[in-house]
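Please read the structure below before turning to the comments.
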Amino acid sequence: MKYPTRLSDAVHILAFIALHPDRELTSDKLAESVQTNPAYVRQLMSALRKGGLLTSVKGHPRPALAREPEKITLLDAYRAVEGDKPLLHQDTHTNPACGVGVNIQLVLRDFYLDIQKAAENRMREITLDDVLEQYKAKIKSINLEE
């Protein structure tokens, strides 16, 4: 099973741009850092632009944050790349003739909604600036350079 990585990849791209504001950052360069293909990076950057988090001009490899890092939350990034897609997904292929198969999904739906609300509230509190600060602290603690 492949786990969704769109949010972590989007935050990676935003952080990379924030850390290198004066560098030319092509989708190839960003894809190299994320270890993916440039088309996927362009897709994420398009979503981030539409979400109001990124600015860029086609043909000019100088993307920039549309807001200061302290004004971009993880929820902003999540909404930009995932829309209203929930974090947890129910199995919609259970046996409809089975009482457990039908009813367990109804029970789980309520719990999943509670988890979604809690996660969104926490994601609203975490900013790109928080991510960058922890990144810098981690780099400093292991004494590595970019």
Side-chain angles (χ1 to χ4, degrees), residues 1-95 101-102 104-146:
M1 170 191 243
K2 185 172 181 342
Y3 295 101
T5 61
R6 288 174 56 87
L7 175 60
S8 64
D9 294 341
V11 173
H12 181 142
I13 290 166
L14 291 170
F16 201 95
I17 291 168
L19 291 165
H20 304 286
D22 298 324
R23 267 175 76 182
E24 287 194 357
L25 297 175
T26 63
S27 55
D28 288 332
K29 180 66 177 168
L30 291 165
E32 183 182 310
S33 179
V34 179
Q35 285 199 318
T36 190
N37 67 66
Y40 173 68
V41 167
R42 286 190 294 274
Q43 179 187 58
L44 287 178
M45 290 177 70
S46 175
L48 292 168
R49 272 192 307 278
K50 288 176 186 168
L53 305 180
L54 197 63
T55 62
S56 65
V57 176
K58 191 171 185 157
H60 299 283
R62 294 236 186 241
L65 300 180
R67 300 184 227 158
E68 295 299 317
E70 62 271 8
K71 294 189 178 175
I72 297 174
T73 69
L74 284 185
L75 186 59
D76 295 331
Y78 182 79
R79 289 285 178 242
V81 298
E82 296 291 1
D84 291 327
K85 187 190 292 184
L87 293 167
L88 301 173
H89 306 275
Q90 293 174 255
D91 183 355
T92 58
H93 303 302
T94 56
N95 182 351
V102 170
I104 199 70
Q105 297 307 317
L106 295 173
V107 170
L108 283 175
R109 181 188 63 201
D110 294 337
F111 286 117
Y112 284 8
L113 286 172
D114 285 346
I115 292 166
Q116 183 77 30
K117 287 177 190 172
E120 286 182 11
N121 286 336
R122 183 64 179 119
M123 290 168 77
R124 241 181 229 104
E125 297 171 353
I126 302 169
T127 67
L128 180 58
D129 193 52
D130 296 327
V131 172
L132 294 170
E133 289 303 314
Q134 282 206 12
Y135 163 82
K136 290 172 187 173
K138 206 165 271 305
I139 291 296
K140 188 176 180 180
S141 74
I142 57 176
N143 201 20
L144 293 177
E145 291 184 353
E146 298 178 49

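Since this is a predicted model, take the numbers as computed values, not measurements.
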>> Taking side chain to side chain contact (heavy atoms under 4.5 Å, CB included) as the criterion, tell me which of E32, Q43, R42 meets it with S27.
In response: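 Looking at E32, Q43, R42, the match for S27 under the side chain to side chain contact (heavy atoms under 4.5 Å, CB included) is R42.
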> Listed by chain and number, what are the side chain to side chain contact (heavy atoms under 4.5 Å, CB included) partners of Q35, not counting sequence neighbours?
Replying inline: none
Sub-4.5 Å side-chain heavy-atom contact between [X] and [Y]:
X: R6; Y: Y40; value: yes
X: Q105; Y: D91; value: yes
X: V131; Y: V11; value: yes
X: L106; Y: D110; value: no

Heavy-atom closest contact ([X] atom, [Y] atom, distance):
X: L25; Y: P63; result: O-CD, 3.6 Å
X: A31; Y: N37; result: CB-C, 3.7 Å
X: A10; Y: L44; result: N-CD1, 4.1 Å
X: R49; Y: S56; result: NH1-OG, 2.9 Å
X: G101; Y: T94; result: O-OG1, 2.9 Å
X: V34; Y: I13; result: CG2-CG1, 4.2 Å

> Hey, mind stepping through L87 and I115 against side chain to side chain contact (heavy atoms under 4.5 Å, CB included) and telling me if it holds?
Replying inline: CA-CA 9 Å; L87 293 167; I115 292 166; 5.6 Å; no
Quick check for you: to the nearest 0.5 Å, what is the distance between [X] atom [atom1] and [Y] atom [atom2]?
X: L14; Y: H12; atom1: CG; atom2: NE2; result: 10.5 Å
X: E68; Y: L128; atom1: CD; atom2: CG; result: 10.5 Å
X: L30; Y: D9; atom1: CG; atom2: CG; result: 11.0 Å
X: L108; Y: L113; atom1: CG; atom2: CG; result: 11.0 Å
X: Y78; Y: D84; atom1: OH; atom2: CG; result: 9.0 Å

>> For a side chain to side chain contact (heavy atoms under 4.5 Å, CB included) check, start with the C-alpha distance between M123 and T73, then their side-chain angles and the critical distance, and finish with the verdict.
In response: CA-CA 7 Å; M123 290 168 77; T73 69; over 6 Å; no
>> Looking at Q134, I'd like to know if its CD atom is crowded, meaning that more than 12 non-hydrogen atoms belonging to other residues, nucleotides or ligands lie closer than 6.0 Å.
In response: no
> Does atom NE2 of H93 have more than 12 heavy-atom neighbours, drawn from other residues, nucleotides or ligands, at distances under 6.0 Å?
Replying inline: no
Side-chain donor/acceptor of [X] to backbone N/O of [Y], under 3.5 Å:
X: R67; Y: L53; value: no
X: E70; Y: D129; value: no
X: D130; Y: T127; value: yes

>> Applying side chain to side chain contact (heavy atoms under 4.5 Å, CB included) to R109 and Q90, what does each step give before you reach the verdict?
In response: CA-CA 7 Å; R109 181 188 63 201; Q90 293 174 255; 3.3 Å; yes
>> Using the rule given for side chain to side chain contact (heavy atoms under 4.5 Å, CB included), can you reason through R124 versus L74, listing the C-alpha separation, both sets of side-chain angles and the distance that settles it, and then say yes or no?
In response: CA-CA 6 Å; R124 241 181 229 104; L74 284 185; over 6 Å; no
> Is it true that E125 and R122 make a salt bridge, defined as a side-chain N closer than 4.0 Å to a carboxylate O?
Replying inline: yes
> Sequence neighbours excluded, which residues qualify as side chain to side chain donor-acceptor pair (under 3.5 Å) partners of E82?
Replying inline: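 E82 satisfies side chain to side chain donor-acceptor pair (under 3.5 Å) with K85 only.
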